[in-house]
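Every chain is numbered from 1, with letters handed out A, B, ... down the list of sequences. Owing to the predicted nature of the structure, the values given are computational and were not obtained by experimental measurement.
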2 protein chains.
Amino acid sequence: MNAKLHHVVNPRVSTDCVIFGFDNSKLNLLLITRKSKQSGESQRMALPGDLIYEDENLDQAASRVLGELTGLKDIYLQQIGAFGDPERLSASEDRDWLESVREQPDALVITVAYFSLVNMRDYAPQASSFAASARWVPLEMVRELAFDHHDILNAAKRRLRETLKNKPVGFNLLPEKFTLTQLHHLYEAILDKPLDKRNFRRKMLKLNILTRLEEKQKGVPHKPSRYYTFNQENYERLSDTGYNNFDF
Amino acid sequence: MNAKLHHVVNPRVSTDCVIFGFDNSKLNLLLITRKSKQSGESQRMALPGDLIYEDENLDQAASRVLGELTGLKDIYLQQIGAFGDPERLSASEDRDWLESVREQPDALVITVAYFSLVNMRDYAPQASSFAASARWVPLEMVRELAFDHHDILNAAKRRLRETLKNKPVGFNLLPEKFTLTQLHHLYEAILDKPLDKRNFRRKMLKLNILTRLEEKQKGVPHKPSRYYTFNQENYERLSDTGYNNFDF
DNA sequence: CCAAAAGTGTTGAAGTTACACCCATGC
DNA sequence: GCATGGGTGTAACTTCAACACTTTTGG
């Protein structure tokens with residue numbers, strides 16, 4: 001049952017996952033609380049993360065850890081980078097917990113961070129392993145996090161915005177069929193600023209990654225919106241090449 | 001003398017540096033050979049890299065290791081990311097060397113890679129520590145590298161091109177005073193394609209990061225070129241914000 | 001005067017921004 | 001019929017790509 005019995009742990013390297021969820025209006029962050037002596041009240045929430053095994057690569061480790069702690073599987077994770085400040089685990093608030101789960105609570109552990117964006121409705125977090133709970137927290141409500149997780153979150157936000165500037169985003173975030181307004185709201189949520197509706201639509205349509213469906217919204221008390229899907233082939237091509245701005 | 005006597009090594013985490021050098025026409029890569037039983041002939045060259053210490057952060061570790069092996073100091077290093085495939089150190093060609101320098105030659109070590117761009121003329125590599133030699137190798141001549149260093153190099157190249165698309169590059173690469181032609185050649189070297197001279201100049205000048213000097217080249221058998229310097233303030237501002245392409 | 005690299009301008013096409021009204025539906 | 005969000009066009013402006021000739025110097 002306990003996978004750690006069957007794998008050798010690398011005691012110096014962990015992985016942490018920054019999972020953004022979109023609920024059609026706001027960005028949320030997947031966080032866990034940890035089983036420990038401390039009551040849930042005072043404990044700071046944390047990004048899902050744990051030590052890696054010797055016989056897996058970093059990408060696999062991140063997927064595995066995310067699945068073990070929150071139940072989320074089959075998510076495409078992108079590496080953000082490594083974080084290794086010697087002070088990163090030293091906050092006294094997090095001490096109890098480290099002592100309860102780590103064989104070497106004082107080891108200096110570097111962590112390799114990953115991020116992803118998903119459609120919240122497709123993924124209901126379910127805590128297991130040492131996670132006492134796993135849930136979506138609206139990004140604007142996120143305050144204190146364990147360890148250096150706030151630094152990691154900030155790096156993830158920066159990376160997400162950079163990604164948006166260079167390539168299309170949305171494939172894994174929206175329902176299969178979606179309206180341009182949903183996509184519009186997603187971009188506004190990530191960039192955290194309003195975007196002109198007409199210009200957004202024009203620009204997005206010109207990218208040639210959207211297929212317009214005949215189907216429309218039903219039962220809405222206003223003009224029904226058309227649904228679109230992503231054209232997977234063009235979307236992937238554009239994801240690979242990027243937008244080629246400032247091309248010289 | 002041996003710094004390792006005074007520091008505790010983290011036996012599972014190393015750092016490797018991809019240092020690109022520009023000589024006003026082509027890109028070069030800083031590589032080392034390692035002291036080992038094998039003759040220099042058959043040994044594959046390697047990126048400068050070594051295990052980190054417990055009491056330094058990753059950025060410090062990269063700077064220190066680079067300095068120890070090649071003598072290069074005070075270089076601004078940017079993290080590329082972590083590489084941790086369990087197979088990454090397993091090539092038999094590199095076995096001898098690992099056994100000679102590592103207390104735990106079989107440990108699975110993840111590495112955190114860094115890159116930088118410098119003006120070759122400002123930095124003459126000088127091998128020390130376990131490096132038998134350290135030298136600039138023209139990028140197009142680089143063939144086989146030790147371990148997974150070719151993967152790391154490819155990631156660095158990709159990252160460098162992405163950087164170029166989003167922000168100005170050149171501050172640390174060119175002499176303090178430089179000509180637009182030098183800058184032009186630098187961009188061509190990084191992108192590995194020819195760029196239109198007039199359009200390049202217009203675009204670059206419009207960024208407002210260059211200060212035109214009155215001084216001109218002397219002793220050249222053709223029309224002398226004007227020198228420019230970077231306007232540090234504007235350069236840094238633009239580096240921080242990026243070019244803001246695809247701005248919606 | 002020749003060789004070498006520096007430096008410069010225009011035009012047509014494409015893209016960008018800013019902005020306001022009518023449309024389809026449920027109740 | 002009214003409230004709600006969906007959907008559309010244009011004009012002024014800026015940016016972009018493509019392209020060839022003149023200038024200044026050393027020898």
Practice task
Take Ile19(B) and Leu29(B), measure what side chain to side chain contact (heavy atoms under 4.5 Å, CB included) needs, and give me the verdict at the end.
Solution key: CA-CA 6 Å; Ile19(B) 310 298; Leu29(B) 179 63; 5.8 Å; no
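Summary of the strand contacts: Arg202(A) and Tyr228(B) both lie near DNA chain C, and taking for each the nucleotide with the nearest heavy atom, the more 5' one is attributed to Tyr228(B). Nearest-nucleotide positions on DNA chain C for Lys206(A) and Lys218(A) put Lys206(A) closer to the 5' end.
At the heavy-atom level, Thr181(B) lies under 4.0 Å from the strands shown only through sugar-phosphate atoms.
Residue Tyr114(B) forms a side-chain contact (heavy atoms from CB on, under 4.5 Å) with just one option from Leu66(B), Asp16(B), Asp59(B), and that option is Asp59(B).
Salt-bridge check for Glu215(B) with Arg226(B): failed, with every basic side-chain N at 4.0 Å or more from each acidic carboxylate O. Note on Arg64(B) versus Glu68(B): salt bridge recorded, some NZ/NE/NH1/NH2 to OD/OE distance being below 4.0 Å. With respect to the salt-bridge test (charged N to carboxylate O, under 4.0 angstrom), the residues Lys193(B) and Glu188(B) do not qualify.
With rounding to whole Å, Phe200(A) atom CZ is found 13 Å from dG6(D) atom P. Distance, Asp196(A) CG to dG7(D) P: 15 Å, rounded to whole Å. The nearest whole Å value for the distance from the CZ atom in Arg212(B) to the C1' atom in dG7(C) is 11 Å. Rounded to an integer number of Å, the gap from CG of Asn24(B) to P of dA5(C) is 14 Å. Rounded to whole Å, the distance from NZ on Lys216(B) to P on dG7(C) is 9 Å. Atom CG in Leu207(A) sits roughly 11 Å away from atom P in dG15(C) (whole-Å rounding). Note: NE2 (His184(A)) to P (dG6(D)) measures 10 Å, nearest angstrom. The distance between atom NZ of Lys197(A) and atom C1' of dT16(C), rounded to the nearest whole Å, is 19 Å.
Judged by atom type and distance alone, Lys203(A) does not reach the base of dG15(C) through any side-chain donor-acceptor pair under 3.5 Å. A donor and an acceptor atom sit less than 3.5 Å apart, one in the side chain of Arg198(B) and one in the base of dA20(D).
Distance from the side chain of Asn199(A) is smallest to dC19(C) among dC19(C), dT8(D), dT8(C).
Listed by residue number, Pro221(B), His222(B), Lys223(B), Pro224(B), Ser225(B), Arg226(B) are the residues of residues 219-227 of chain B with a heavy-atom contact under 4.0 Å to DNA chain C.
Checked against a 6.0 Å centroid threshold, the rings of Tyr235(B) and Phe171(B) count as neighbours.
Applying the ring-ring contact (aromatic ring centres under 6.0 Å, His included) test to residues at least two apart or on different chains, none of the pairs has a partner in residues 61-80 of chain A.
OP1 or OP2 of dG7(D) lies within a sub-4.0 Å distance of a side-chain N or O belonging to Arg201(A).
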